[in-house]
Amino acid sequence: INRIMMMSTVDVCVIGAGLSGACIARNLASHNKSVLVLDARNRVGGRLLTAAAANADLGGADFGGAWIWPRSEPNMANLLQNLTIQTVPMHMDGISMAYIANGKRHVIPDGQAEMYAACGGGAIRVCGGASRVVSELLEPHSVRLGMRVTEIDYNDKKEVKIKCMTDKNNTNKNDHPTIIKCQAVVLAAPPKVLARTITFLPNLPKQKTESMIATPTWMQEYGKVAVSFPTNWWRQQRMSGISIDHVGAVATWWEACSGSEGDGNLPTLAGFVTEQGAAMLRKVICDDSSYLFEFIIESLKRVYGVDANAMGILESVASDNEVKAQGSSEQDGLIVTNGVITVSYKSWLEDDLTNAKDDTVVDFTCDYGDRDLQSSVEPLFFAGTETAAGAHGHMEGAVIAAERAAAEVAEYLSNCT
Ligand SMILES: Cc1cc2nc3c(=O)[nH]c(=O)nc-3n(C[C@H](O)[C@H](O)[C@H](O)COP(=O)(O)OP(=O)(O)OC[C@H]3O[C@@H](n4cnc5c(N)ncnc54)[C@H](O)[C@@H]3O)c2cc1C
């Protein structure tokens with residue numbers, strides 16, 4: 001028997017508990033609308049994921065979005081100020097390193113590290129990690145996690161029916177769908193993921209669907225590695241923590257947490273893993289995921305030109321310590337701990353709620369924020385950073401898209417009554 005669970009009717013259902021969905025929910029709730037936010041994951045934040053959320057022993061480094069440029073991103077700057085969230089400038093002072101190949105290591109000339117590390121130009125980050133922004137925006141009672149939306153029936157414009165499955169991987173045959181009824185829906189998730197995974201009844205207009213499928217999710221091919229230490233050895237050695245590596249799996253490194261004055265509970269370095277780096281790491285961890293630890297520590301030694309002693313590893317990794325691995329890079333991060341040092345890795349490339357796997361060639365000439373991505377198909381409205389006309393891809397874009405969509409929904413609902 002295909003049992004269907006019905007849930008209470010709400011004014012607006014928001015699909016996606018990322019930054020964009022959270023801003024919409026907050027905005028509409030402040031206009032006295034009943035709002036329910038659904039997310040397929042078992043956590044809020046979407047592409048904002050802080051390592052500390054996965055494991056309290058990690059230093060609050062961000063696996064996803066991290067940097068904000070307040071000079072050119074006024075919406076994010078205001079949001080952080082309104083939520084009284086503490087931020088810290090990216091640490092650029094000190095010696096920065098570049099590893100070229102065959103043992104060739106250079107000191108990056110003064111002032112040029114910003115160019116290579118991509119976190120220059122006055123970037124700041126959130127103390128304790130960017131996912132805090134989303135947790136502070138959302139009222140826990142208005143969020144249902146582990147709810148994967150599979151179908152939206154908007155044949156009756158006055159009562160949209162949203163079908164959700166609680167089993168994210170769709171493997172449990174006994175998984176009964178839940179139906180949620182509402183007057184309006186905001187889809188605040190990557191357009192490609194929505195178009196590939198949700199059945200719309202009736203179909204969305206052809207041109208809109210094509211635009212959604214042709215829009216790669218911002219940063220979908222990246223991952224991040226974070227390493228937390230008991231001491232901030234790079235600052236002690238007058239290094240910035242910034243480095244570039246032409247050889248290893250992590251292309252650039254930076255200081256993700258200083259580990260002091262409320263900035264994360266442990267000093268942490270983090271770095272980008274490109275698609276090529278992800279292929280390298282896949283080989284490293286395929287037999288035993290705990291191999292990640294040694295592979296990453298060896299690359300840090302090579303890039304910074306320091307030995308295990310200088311990193312504080314010798315005293316903290318006792319030889320009889322077992323290396324413990326938990327989690328996975330496709331989910332909320334693979335976490336490998338040896339003594340008091342932890343190496344963690346999150347791959348967005350392998351995360352199907354960010355990167356809907358298909359044959360579309362990633363094409364950065366596509367029109368982020370074009371009219372087809374933004375346009376509503378009443379009573380359905382579209383947000384998410386990819387739909388933003390300005391600052392698309394960034395957190396700033398997620399906020400801009402949310403404000404536009406929330407205004408559209410508010411106007412639509414006022415015309416309905
Ligand atoms: C590695 C990396 C580095 C980045 N660096 C920066 C940076 O430094 N600065 C910056 O500004 N931005 C950065 N970004 C981008 C930033 O993270 C995003 O702009 C922002 O988080 C997007 O928010 P969103 O709400 O639009 O989408 P998401 O965060 O993707 O939220 C969408 C949510 O929808 C859910 N969902 C999808 N499909 C369904 C479904 N069918 N049913 C239910 N739920 C569903 C997903 O689970 C997800 O939680 C980075 C991103 C990555 C991956």
Side-chain angles (χ1 to χ4, degrees), residues 13-25 37-50 61-70 72-73 75-76 90 117-119 121 123-126 130-131 133-134 137-138 143-152 162-166 168 170 180 185-199 217-226 254 256 270-274 278 331-332 346-349 351-356 368 382-388 391-402 405:
C13 195
V14 177
I15 299 170
L19 179 59
S20 209
C23 288
I24 293 161
V37 183
L38 303 171
D39 204 295
R41 301 180 198 270
N42 288 317
R43 59 169 180 85
V44 301
R47 272 171 282 170
L48 300 185
L49 170 62
T50 300
D62 281 306
F63 283 140
W67 306 322
I68 300 128
W69 288 268
S72 55
E73 300 187 331
N75 292 279
M76 270 309 289
M90 291 306 294
C119 55
I124 59 169
R125 58 183 168 76
V126 173
S131 63
V133 179
V134 175
L137 282 167
L138 284 171
V143 185
R144 298 276 184 287
L145 296 175
M147 298 282 258
R148 187 171 54 89
V149 174
T150 56
E151 186 183 286
I152 300 177
I162 298 177
K163 190 169 163 187
C164 311
M165 304 303 280
T166 48
K168 184 171 155 278
N170 203 16
I180 291 151
V185 184
V186 188
L187 294 107
K192 192 174 77 164
V193 175
L194 294 170
R196 288 268 177 219
T197 58
I198 299 179
T199 304
T217 306
W218 188 259
M219 298 297 281
Q220 66 178 15
E221 68 279 46
Y222 282 88
K224 276 188 185 175
V225 162
W254 57 86
F272 277 128
V273 177
T274 59
Q331 304 273 320
D332 293 345
K346 163 69 189 162
S347 165
W348 298 95
L349 180 74
D351 180 325
D352 60 6
L353 290 163
T354 295
N355 182 19
Y368 286 103
F382 292 82
T385 190
E386 281 75 17
T387 72
H392 61 254
H394 284 208
M395 291 181 248
E396 174 78 358
V399 179
I400 291 173

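Indexing begins at 1, ligand by ligand and atom by atom, following the structure's order.
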Should one rank Trp218, Trp67, Phe63 by closest heavy-atom distance to atom 1 (C) of ligand 1, which comes out on top? Phe63
Geometry only, no angles: is Asp39 polar-contacting ligand 1 at N/O separations under 3.5 Å?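 Indeed, backbone or side chain, Asp39 has an N or O that close.
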Side chain to side chain contact (heavy atoms under 4.5 Å, CB included) involving Ala402 - partner list, sequence neighbours excluded: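 Side chain to side chain contact (heavy atoms under 4.5 Å, CB included) list for Ala402, sorted by chain: Ser20, Cys23, Ile24.
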Just going by heavy-atom distances, which of Gly65, Gly45, Ala40 is nearest to atom 6 (C) of ligand 1?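 Looking at heavy atoms only, the winner is Gly65.
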Within-cut-off N or O pair, Arg47 and ligand 1, under 3.5 Å: yes
Check whether any side-chain heavy atom of Met76 sits under 4.5 Å from a side-chain heavy atom of Leu19, and report yes or no. yes
Can you confirm, on distance only, whether ligand 1 has an N/O atom lying under 3.5 Å from any N/O atom belonging to Met395?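 Yes - when backbone and side-chain N and O of Met395 are compared with those of ligand 1, one distance drops under 3.5 Å.
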Test salt bridge (Lys or Arg N to Asp or Glu O under 4.0 Å) applied to Arg47 - qualifying residues, sequence neighbours left out: Glu386
Does Ala398, backbone or side chain, put an N or O under 3.5 Å from an N or O of ligand 1? no
Does this structure show an ion pair linking Asp352 with Arg148, if we count only N-O contacts that are shorter than 4.0 Å? no
In plain terms, say whether Arg43 and Asp332 are close enough for a salt bridge, that is, a side-chain N and a carboxylate O under 4.0 Å apart. yes
Check this for me - ligand 1, Tyr222, N or O atoms closer than 3.5 angstrom, yes or no?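 Between Tyr222 and ligand 1 (N or O atoms, distance only) the closest approach is not under 3.5 Å.
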When only distance counts, is Arg41 in polar contact with ligand 1, meaning an N/O pair under 3.5 Å?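 Yes, at least one N or O pair falls under 3.5 Å.
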Could you tell me whether some N/O pair between Leu19 and ligand 1 is separated by less than 3.5 angstrom?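 Between Leu19 and ligand 1, an N or O pair is found under 3.5 Å apart.
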Ligand 1 versus Met76, non-hydrogen atoms closer than 4.0 Å: side chain, backbone, both, neither? neither
If you measure every N or O of Val149 against every N or O of ligand 1, does any of those distances drop under 3.5 Å? yes
Give yes if a backbone or side-chain nitrogen or oxygen of Thr385 is under 3.5 Å from a nitrogen or oxygen of ligand 1, and no if not.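 For ligand 1, there is an N or O atom that lies under 3.5 Å from one belonging to Thr385.
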His394, any N or O under 3.5 Å of ligand 1 N or O: yes
Is a side-chain N or O of Glu396 found less than 3.5 angstrom from the main chain of Asn75, in a donor-acceptor match? yes
